[in-house]
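Small disclaimer: the values here were computed from a predicted structure and weren't measured. All residue numbers refer to positions in the sequence shown, counting from 1.
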Amino acid sequence: MRDPAASLRFEDEFVIRDLTAPLGPDHFLRSDLARLWASRGDLVQFEIKSDRVVVAGRLTFVTQPSEWSDAQLHAAGALTLRLQGEAVAAGYDMKDASAWNVLFDGARPVFCDLMSFEPLRDQKWWALGQFARHFIFPLLASRRRGLRGHVVHTMWRDGMPVEQARQLFGRSIFLTRYGMLMLGEGRSATHSDLGAAADFGQAPTALPADEIQKFRSRIQASLGWMMDGLQAKPVVQAAPNGWSGYHGDRPHYANDSLDAKRRLVAQWVGQLRPAWVLDLGCNTGEFSLIAAEHGARVISADADHDSVAALFQLQAGQTAIHPMVSLLDDLRGGRGWAAAEHPGLMDRLEGRVDMVLMLALIHHLSVGAAVPLDAIARFAFRCSRDAAVVELIESDDPQLRSLCAQRQRDPADFTAEHQRSAFLRAGFELIQEEPLEGARRSLALFRKASL
């Protein structure tokens, strides 16, 4: 968005870059490497329309670093580092190593900054400090201090400053493989420590191209070693038929009621054939997977980091499901200049999907987070172009009663009838409702009244 080499225009299906200078015959975008990356999905698909206009395909839904699990942040960093290594080997250099330059097409990272590569000239990788701020420091903060990467990116748009990193990790960090990154931007992350023996802050000595590439390969190896130490551990093992060992006990459901819930979701998704589904409170994505099996693209949102990480790990490299960490009662607004460079989540969700899934969620929002039932129903109405599948919960449900007791609320204010009426007032019609035998719950299919 702030690249002086180009300005961006957004259309429904395309991003148009108007270049400030003509695209020369030897520009990176004309190279075999750029075409190779695009063909294998590492770089957004693009077309050079003229020497001043480049058009790229636009992803239908985009998540942001402040919405990624650590597994996603690591995957984005690993892609960035791998592309940098391949670029250097081909005689190019990445001038920006920002997490914002990576998009996720479902659970597959894609580099989107087409103007980020220039001819390789210097020993110094000018974007090294940015790579540390955006990837290594946040992942290290999560690993060593429990401060998740998405929280770091919520706090700092340009990643964790090195001063805060030094304060957070203390002096002991200098005894680890990451200590060389903590010396400060002026003397910081010395290329000498990373590669060989020249100070990161000094002006590089002119060297032949092959010598620069050798020097850079040592830096690449050092950064790869650091990233290896931050590899996300598997959150859960997947069994052939789905998740194993993660759901835990769900005493409020009998096996029959769970089976009925799965059957109804599959039936309604199969009947309506939504192109896009929003699974709010997705947990590890059991019902997102059902929707994806019926051909839907799914936005899967949950506040629990490990649930989202587990779903991403299961779907890594696939494009049907878009996992994201989101606190649903505190959706983030726009980011960047004038809060308009990166749209807020509500802007990206409004009218985006054909069906909203709100399963085992309403009591957490209405009682746990004190969001009014009418506001919850209106939110679903704003997001959906057509339908909503909602789990309605009776006032004597054990979980609802437990939440009410913790917050000194009256269960009589949160009956299934109150919930149902809220969705009707929002503008939905009740199409079908089925009890979940063995649970004090039912599953309801609503559609917008105008349809």
Side-chain angles (χ1 to χ4, degrees), residues 1-21 23 29 43-44 46 52-68 72-73 76-77 79-80 83 93-105 109-118 125-138 141 147-165 185 188 299 301 322 324-327 330-352 382:
M1 298 290 286
R2 304 179 187 181
D3 190 344
S7 60
L8 300 184
R9 290 182 284 132
F10 293 91
E11 296 185 353
D12 288 344
E13 298 182 5
F14 301 102
V15 178
I16 302 171
R17 285 172 170 81
D18 296 306
L19 310 186
T20 55
L23 205 65
L29 291 183
L43 188 67
V44 292
F46 68 92
R52 284 187 178 271
V53 177
V54 178
V55 176
R58 184 175 184 180
L59 298 185
T60 308
F61 183 77
V62 170
T63 57
Q64 300 176 359
S66 55
E67 299 160 349
W68 296 345
Q72 290 164 281
L73 183 61
L79 173 68
T80 301
L83 295 186
D93 201 10
M94 181 186 291
K95 62 182 180 181
D96 298 299
S98 166
W100 295 92
N101 285 345
V102 179
L103 306 176
F104 276 91
D105 185 9
V110 183
F111 199 86
C112 68
D113 188 358
L114 296 175
M115 305 305 293
S116 189
F117 297 91
E118 58 189 5
W125 183 28
W126 292 93
L128 189 152
Q130 188 179 49
F131 183 85
R133 294 194 307 275
H134 283 241
F135 297 107
I136 293 179
F137 294 165
L147 182 65
R148 294 296 190 188
H150 69 91
V151 177
V152 172
H153 278 283
T154 298
M155 297 168 66
W156 293 290
R157 181 188 174 278
D158 194 32
M160 179 181 286
V162 67
E163 296 83 0
Q164 274 66 41
E185 297 279 0
S188 86
I299 302 166
H322 299 66
M324 61 183 300
V325 182
S326 176
L327 191 62
D330 187 22
L331 299 187
R332 298 301 180 191
R335 302 289 301 271
W337 177 252
E341 284 183 79
H342 308 285
L345 184 54
M346 191 65 235
D347 292 329
R348 285 173 281 143
L349 291 179
E350 186 155 14
R352 165 54 52 204
R382 290 176 63 188

Got a second to check how far L73's CG is from H150's NE2, nearest 0.5 Å? 10.5 Å
Please tell me if the side chains of S326 and E67 come closer than 4.5 Å, counting only heavy atoms from C-beta onward. no
Closest contact, heavy atoms only, M324 versus L345: CE-CD1, 3.5 Å
What orientation do F117 and F111 show, parallel under 30°, tilted 30 to 60°, or perpendicular over 60°? tilted
With a 4.5 Å cut-off on side-chain heavy atoms, are V53 and D18 touching? yes
Do V102 and T80 make a side-chain contact, defined as non-hydrogen atoms from C-beta onward lying under 4.5 Å apart? yes
Between D158 and H134, is any side-chain donor less than 3.5 angstrom from a side-chain acceptor? yes
Kindly say whether H153 contributes a backbone atom to a donor-acceptor pair with the side chain of S66 at under 3.5 angstrom? no
Report the C-alpha separation of M115 and L19 in whole Å, then their side-chain angles, then the decisive distance to 0.1 Å, and conclude whether the side-chain contact (heavy atoms from CB on, under 4.5 Å) test is met. CA-CA 9 Å; M115 305 305 293; L19 310 186; 3.8 Å; yes
For a quick test of reading the model, state the closest non-hydrogen atom pair linking F135 to A97 and the distance between them. CE1-O, 3.4 Å
Is there a side-chain contact between W156 and Q164 in this structure, where contact means two heavy atoms from C-beta onward sitting under 4.5 Å apart? yes
Does any part of the side chain of Q64, heavy atoms only, come nearer than 4.5 Å to the side chain of R348, both counted from C-beta? yes
Compare all side-chain heavy atoms of R335 with those of W100 and state whether any distance is below 4.5 angstrom. yes
I want to check something: taking the side chain as every heavy atom from C-beta on, are V15 and R58 in contact at a cut-off of under 4.5 Å? yes
For the residue pair T60 and R352, establish whether any side-chain heavy-atom pair is separated by less than 4.5 Å. yes
Using 30° and 60° as the class limits, which term best fits the ring planes of H322 and F61: parallel, tilted or perpendicular? perpendicular
Nearest-0.5 Å distance, CZ of residue F46 to CZ of residue R17: 10.0 Å
